[in-house]
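Please read all numbers here as calculations on a predicted model, not as lab measurements. Order of the sequence lines sets the chain letters (A, B, ...), proteins ahead of strands, with each chain counted from 1.
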There are 2 protein chains.
Amino acid sequence: MIDVTHGTDQPTPSPSVRAERSRSTFVTPPSPTPPPVIVLVRPQLGENIGKAARAMLNFGLVELRLVAPRDGWPNPQAGPAASGADIVLEQAAVYDTVAAAVADCTHVYATTVRKRGVTKPVATPEAAARAIHADPGRAAILFGPERSGLETDDVALARTIITVPINPEFGSLNLAQAVILVAYEWSKGQELAQPPETEMPLPAPQGELDGMIAQLDDMLVAANFFFPPARTETVRRTLRTLLTKPGWSAQEVRTMRGVLAALDGRKARRSAPVERGEFIGDGGLDETLP
Amino acid sequence: MIDVTHGTDQPTPSPSVRAERSRSTFVTPPSPTPPPVIVLVRPQLGENIGKAARAMLNFGLVELRLVAPRDGWPNPQAGPAASGADIVLEQAAVYDTVAAAVADCTHVYATTVRKRGVTKPVATPEAAARAIHADPGRAAILFGPERSGLETDDVALARTIITVPINPEFGSLNLAQAVILVAYEWSKGQELAQPPETEMPLPAPQGELDGMIAQLDDMLVAANFFFPPARTETVRRTLRTLLTKPGWSAQEVRTMRGVLAALDGRKARRSAPVERGEFIGDGGLDETLP
């Protein structure tokens, strides 16, 4: 799943891939609302166009439009920076004006850094993503040139402004980072963004937990652990609470019983390590290997 | 608000600054839950450390820890890539091991790309951020090396795994992007951070948990538990996962250490029950009574 690396911009496998989802599920949203179009307005560097494409594809956006890219199009710097998101670059469409780029879109959003003297609703990426999923029709999201951002005339085309709430003492998002945050929020509304199913096994049946606690208790009695006698029941309750808290699975309870058996038997069996495996059995620690 | 630009990584003013936030509101959370620590485990390139610092500071995170950075520390490549986030780099602390880096943290999260054969809860960045705001105590979030991600042994230290639900056909987040998504989600909870729940005691600092695991490990080695040798590391990892899962408090960890000490010493001391209390001490089981 992890792409080829390029220069210093090596991908890290953190975080992750949801292998169980098919591509068709991903790219075609379950709702009738199409994915938003990402519009880079007068982008300066091909490398940043490539990085934006990579950011988009990570979260399932594939439609990129370029308005008057400074260095023309195609741009040989874009491909390497896209790190494999070639499909996005190959399908990118070029326009002369912002108006032409969004002519088929029903909702235009402008990402901006500061007030522009235009009175428009301002949304977070999260709120904008919800609106994009909820509103029928195609949305376009405008991103300005790297250095200067969108012009007032570009913003005037939009109905809504998107801003990311950011550290007022240090606001320094680059183009690809702005794109990735918006794409990430949009992806949450897709099927892929459901919270991952936890693969946690069920806690063991109470009887199995009780068996483990009884095994430990026997050992602790033999070790004269419960002292003074007046505190025995309190201590037992404390231990039960502590051992109930984990919600250990049946497998984990068996593992712990193997540990206890080993500790219980170690004096007698230290000279016969070859038999050690018997305490756990083949299944005892047979967790999936990494 | 926008920083000086560096090379191709020019910041764009989209999206933006929330001018209405004061710095104190932003950087110092209104809740008693401290901001999470970002831990880069064996990072390869100084440039990526700088980019991660920049990503952090955008969303108000300032505490960076580095575990065995490949090219040493400080690294002259980091500063320029940080684009002004110098305060994060200057305060970065370097550790030899992951265990040392998270020893004072009560909640350890590991960002991973794929299943690791360890059974732990998996959270999205959003869910993890909510948990970090809700749970008292300091959280650490581990990010692996750029190329390979976290090792299984690193993941074993964590109680929870963070994954970003991502395009299964194209998973290509780089280190700084992974950091920025996690930091961004955390920053959302700042304004409306809820009072943390206080019913549960804090999990013990990781260092105390490690002490307990080491104590058990010594006993199991003495008991020849780890057999056959080829499976030793797998078994150790299984036990660590199992013992990390409960989130035992410092008190509970002490209780378990008392239990282990009793089991360890019982053969020798069975004839001297009157001394048993010493293994735990008066405070050892002094938990609030049910």
Pair A/Ile180-B/Leu173, side chain to side chain contact (heavy atoms under 4.5 Å, CB included): steps then yes or no: CA-CA 10 Å; A/Ile180 209 168; B/Leu173 285 182; 3.4 Å; yes
Over all atoms of both residues, closest heavy-atom pair of A/Ser172 and B/Asn58: N-OD1, 2.6 Å
Worked check of side chain to side chain contact (heavy atoms under 4.5 Å, CB included) between B/Leu263 and A/Leu263: CA-CA 7 Å; B/Leu263 296 178; A/Leu263 295 178; 4.3 Å; yes
Between CD on residue A/Glu252 and OG1 on residue B/Thr241, distance to nearest 0.5 Å: 8.0 Å
A/Tyr184 versus B/Glu185, side-chain donor and acceptor atoms under 3.5 Å: yes
pair A/Thr124-B/Lys188: side-chain heavy atoms closer than 4.5 Å: no
Step-by-step side chain to side chain contact (heavy atoms under 4.5 Å, CB included) determination, B/Val62 to A/Phe170: CA-CA 11 Å; B/Val62 294; A/Phe170 184 78; over 6 Å; no
Atom group of B/Gln77 that falls short of 4.5 Å from chain A, counting heavy atoms: neither
Set of residues satisfying salt bridge (Lys or Arg N to Asp or Glu O under 4.0 Å) with respect to A/Arg236, sequence neighbours excluded: A/Asp217, A/Glu233
Evaluation steps, side chain to side chain contact (heavy atoms under 4.5 Å, CB included), between A/Leu242 and B/Val259: CA-CA 12 Å; A/Leu242 191 157; B/Val259 165; over 6 Å; no
Distance-minimising heavy-atom pair for B/Phe225 and A/Gly258: CE1-O, 3.7 Å
Chain B contacts, top residue of A/Pro228, A/Ala85, A/Pro246 (heavy-atom pairs, under 4.5 Å): A/Pro246
From A/Gln177 atom CD to B/Gln177 atom CD, the distance as rounded to the nearest 0.5 Å: 7.0 Å
Euclidean distance, B/Asn167 CG relative to A/Leu61 CG, rounded to 0.5 Å: 9.5 Å
Distance, nearest 0.5 Å, that separates CG of A/Leu57 from CD of B/Glu169: 9.0 Å
